[in-house]
Amino acid sequence: MDKPWLIRTYAGHSSAKKSNELYLKNLSKGQTGISVAFDLPTQTGYDSDHILAKGEVGKVGVPICHIGDMRSLFNQIPLDKMNTSMTINATAAWLLSLYVAVADEQGIDRNKLRGTTQNDVLKEYLSRGTYILPPDPSLKIISDVITFTFKEMPNWNPINVCPYHLVEVGATPEQELAFGLSIAVAYLDKVKTSNVLSEEEFENVVGRISFFVNSGIKFITEMCKMRAFVSLWNEITKERYGVKDPKNRRFRYGMQVNSLGLTEQQPENNVYRILIEMLGVVLSKDARARAVQLPAWNEAMGLPRPWDQQWSLRLQQIVAYETDLLHFDDIFNGSEVIDEKVKNLKETAMKEFNHIQSIGGAVAAVESGYLKQELVNSQKERLKRINDKEQIVVGVNEFVETEESPLVSNDGGIETIDPKIESEQVKAVIDWRQNRDQKQVDSALNQLSEAAKSGENIMEASITAAKAGVTTGEWSQILRDVFGEFKAPTGITNIQPSNNDDYSPIRKRVESLSDKMGRRIKFLVGKPGLDGHSSGAEQIAVSASDCGMDVLYEGIRLTPEQIVKSSVEEDVHIIGLSILSGSHVQLVEEIMNEMKKNKVDDIPVIVGGIIPTEDEKILIKNGVQAVYTPKDYQLKDIMNDIVSIVERKVS
């Protein structure tokens, strides 16, 4: 009989104290590991009182500014008995240092610490956008974490290569295989060429690499994809790196089901989607996930409540403990149908993998914009299939008749964050800085800077900094000063032209209105704040361009001042804002105030994101012309709205 996988829920919000309460509650319900969600300032290396953190504190995860926050987060949770997963990338070395520092305080041997740091920055340039540094120094720091944990924390997974997020921005199963494996190879090549480890040590490091994958609704294909991953990783590690021990060639992975496929319309249907998608990674014993975390049914609407997370937890427990799934060997071995599908997936994926290697590998493919453009094109095709009903989504483009759901009738069906949380966290980090030994902090920061400049492994210097009371923002600023910052390609410059006939009438409207105004409709698409999920903004920008508009899109992490400055300099007709982090009310208010200050408040503004109904009313009251949420999936309708809004302004 197989053992159950590690059962987790991805959780964290508001504050370290509140998140700790949630973890203790979930553990008492039978959860067997912790998966920490960090807020965007923490992920992008800013303290809670930084200007870019405004409106983002505690929204999509827990704010961790210093060792005091880390102590609170794991209060009453024995670190030597816990398996902790941290979804953290650009600041992974720092968050791991804080975790190690707390364990050292408690007298826990580092070799008893079990868990995973995601630590996969390359996919951040392509999907979530929480990168800080250019690729080369980022890979050096990732290599530092890998070699440090190998020697100091042998039970820790130093990197969780995460093609999951590539699927969230449009990757097909074949692209998830090819891109994910290319990224993994880039990290291992970096470790190998650093010459820090012997051949035997490197082989054991390969055995500590883990993956985090996506599982979509076509669960037979997804199961075959996982069998392909297992087979391809075994081949790559054996042929490319000469790994002899089969255990070190094992494809070790955790998963979360496809959040992209969860719907705001008829959200109760998401429960069935989550279960079916989970089957893709647990049915086949030879390719079974060793850790599973499931989203809640209402994540397309906002932040899940504790009850919603419990529902997903119970779903896992029923499959693991009530069914006979774990009693059997792999039930698909010998199936010609499955073998043929796996073979086709492998062939297509390896063709793309080899192409990526031929253009210089994953790093070069990120820097050139090749991978980003491929993902944007795939997402564009996916949306077209849904719009054209080639891909049925129940409750969205078919079977849309519905009764009112009792699950959302009382409180809107989501958790709300107390608006006082941010001001309390800001005050706390200011107090923290005032009450520490500044000489000790300065000494630790100097030590970190010297380690970064000299090419030393930065982990010990980072742990020293954590113990001295250095903050997340201060640690990150040292690395920004040494290595500089990076702005990733947007991926919308060389997009395949659209053959969407639905846009023909809109193009005619755009041409007519442009002729009337004496110049083409100019549309600014902006991503304010720290939210790096840019896929929606990119698809809007691409569609507007397909409709004949002149589109200005400058990527992620823009301040309200930058957005308004661009709108003035470029003399735009309409502004579209994409905000998926829950900070829409505060950020939009700041942008509207900035527009008034610059006397351009007559430019219409539209907003898209995960926006609850009550917040939508606030935005409209504050002057926003239209609000779009995941239910508004027809891009042609949004494009028509944009033209109508500009027409009204002109007339």
Side-chain angles (χ1 to χ4, degrees), residues 43-44 89-90 118 120-139 142 161-187 212-214 259-260 348-349 351-384 485-498 525-527 530-546 551-558 576 578 580 635:
Q43 292 184 52
T44 50
N89 296 282
Q118 192 164 102
D120 175 9
V121 175
L122 284 177
K123 67 92 175 54
E124 294 299 309
Y125 301 123
L126 304 171
S127 55
R128 296 171 71 248
T130 67
Y131 54 83
I132 300 173
L133 310 175
D136 278 346
S138 293
L139 261 68
I142 289 166
V161 181
C162 192
Y164 168 88
H165 289 106
L166 304 184
V167 179
E168 294 296 296
V169 295
T172 63
E174 293 84 355
Q175 287 175 325
E176 184 181 3
L177 283 160
F179 295 2
L181 293 169
S182 296
I183 288 170
V185 161
Y187 295 138
F212 192 76
V213 304
N214 203 304
S259 294
L260 182 66
T348 307
K351 184 179 178 182
E352 179 63 25
F353 175 88
N354 289 330
H355 173 67
I356 292 167
Q357 302 314 304
S358 74
I359 61 174
V363 175
V366 165
E367 292 176 328
S368 70
Y370 169 74
L371 291 182
K372 183 69 168 177
Q373 286 177 9
E374 290 296 297
L375 291 169
V376 172
N377 282 327
S378 293
Q379 183 76 303
K380 182 180 177 182
E381 288 303 310
R382 172 187 165 272
L383 291 172
K384 186 177 185 304
E485 290 192 68
F486 185 72
K487 193 168 181 68
T490 63
I492 65 169
T493 50
N494 295 311
I495 297 302
Q496 298 164 1
S498 174
V525 179
K527 288 286 298 176
L530 294 176
D531 167 34
H533 290 85
S534 59
S535 180
E538 288 157 358
Q539 293 304 318
I540 291 292
V542 168
S543 294
S545 181
D546 284 344
V551 178
L552 177 65
Y553 175 62
E554 298 175 324
I556 62 172
R557 272 189 239 169
L558 300 174
S578 171
L580 284 85
L635 290 172

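Below, all heavy atoms of this structure are taken into account, side chains as well, without hydrogens, waters or symmetry copies.
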Enter the distance from [X]:[atom1] to [Y]:[atom2] here, rounded to the nearest 0.5 Å.
| X | Y | atom1 | atom2 | value |
| --- | --- | --- | --- | --- |
| E176 | E174 | CD | CD | 10.0 Å |
| D546 | K380 | CG | NZ | 4.0 Å |
| I359 | S368 | CD1 | OG | 5.0 Å |

**Study point:** side-chain contact (heavy atoms from CB on, under 4.5 Å) evaluation trace for V376 with Q539
**Key:** CA-CA 7 Å; V376 172; Q539 293 304 318; 3.7 Å; yes
Considering all heavy atoms, the nearest [X]-[Y] contact:
| X | Y | result |
| --- | --- | --- |
| L635 | S543 | CD1-OG, 3.3 Å |
| P135 | V363 | CB-CG1, 3.8 Å |
| G180 | P163 | CA-CB, 4.0 Å |
| A349 | A178 | O-CB, 3.3 Å |
| V213 | Y164 | O-CD1, 3.5 Å |
| L122 | A186 | CD1-CB, 3.9 Å |

Tell me whether [X] contacts the main-chain N or O of [Y] through its side chain, where contact means a donor paired with an acceptor under 3.5 Å.
| X | Y | value |
| --- | --- | --- |
| E168 | S259 | yes |
| S545 | A541 | no |
| D120 | C162 | yes |

Check your understanding: Does A184 have any side chain to side chain contact (heavy atoms under 4.5 Å, CB included) partners at least two apart in sequence or in another chain, and if so, which?
Key -> V161, F211, W233
Exercise for review: Measure up the Y131 and Y125 rings against each other and bin them: parallel (under 30°), tilted (30 to 60°), perpendicular (over 60°).
Suggested key: tilted
Less than 4.5 Å apart, any side-chain heavy atom of [X] and any of [Y]?
| X | Y | value |
| --- | --- | --- |
| K372 | S534 | yes |
| H533 | I556 | no |
| L126 | L166 | yes |
| Q357 | V185 | yes |
| R128 | Q43 | yes |
| V525 | V551 | yes |
| Q175 | E352 | no |
| H165 | N89 | no |

Exercise for review: Run the numbers on K527 and T490 for side-chain contact (heavy atoms from CB on, under 4.5 Å), then give the verdict.
Suggested key: CA-CA 12 Å; K527 288 286 298 176; T490 63; over 6 Å; no
Check your understanding: Do other residues, nucleotides or ligands put more than 12 heavy atoms under 6.0 Å from K487 NZ?
Key ->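 Count over threshold, so yes.
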Point to revise | Pair I356-L371, side-chain contact (heavy atoms from CB on, under 4.5 Å): steps then yes or no | key: CA-CA 9 Å; I356 292 167; L371 291 182; 3.8 Å; yes
Practice item. Keeping to residues at least two apart or across chains, list the ring-ring contact (aromatic ring centres under 6.0 Å, His included) pairs with something in residues 166-185. Key: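 Counting only pairs at least two positions apart or across chains, no ring-ring contact (aromatic ring centres under 6.0 Å, His included) contact touches residues 166-185.
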Exercise for review: Could you list all the ring-ring contact (aromatic ring centres under 6.0 Å, His included) pairs where at least one residue sits in residues 352-378, not counting sequence neighbours?
Suggested key: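 Found H355-Y370.
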Practice item. Run the numbers on L530 and R557 for side-chain contact (heavy atoms from CB on, under 4.5 Å), then give the verdict. Key: CA-CA 5 Å; L530 294 176; R557 272 189 239 169; 3.9 Å; yes
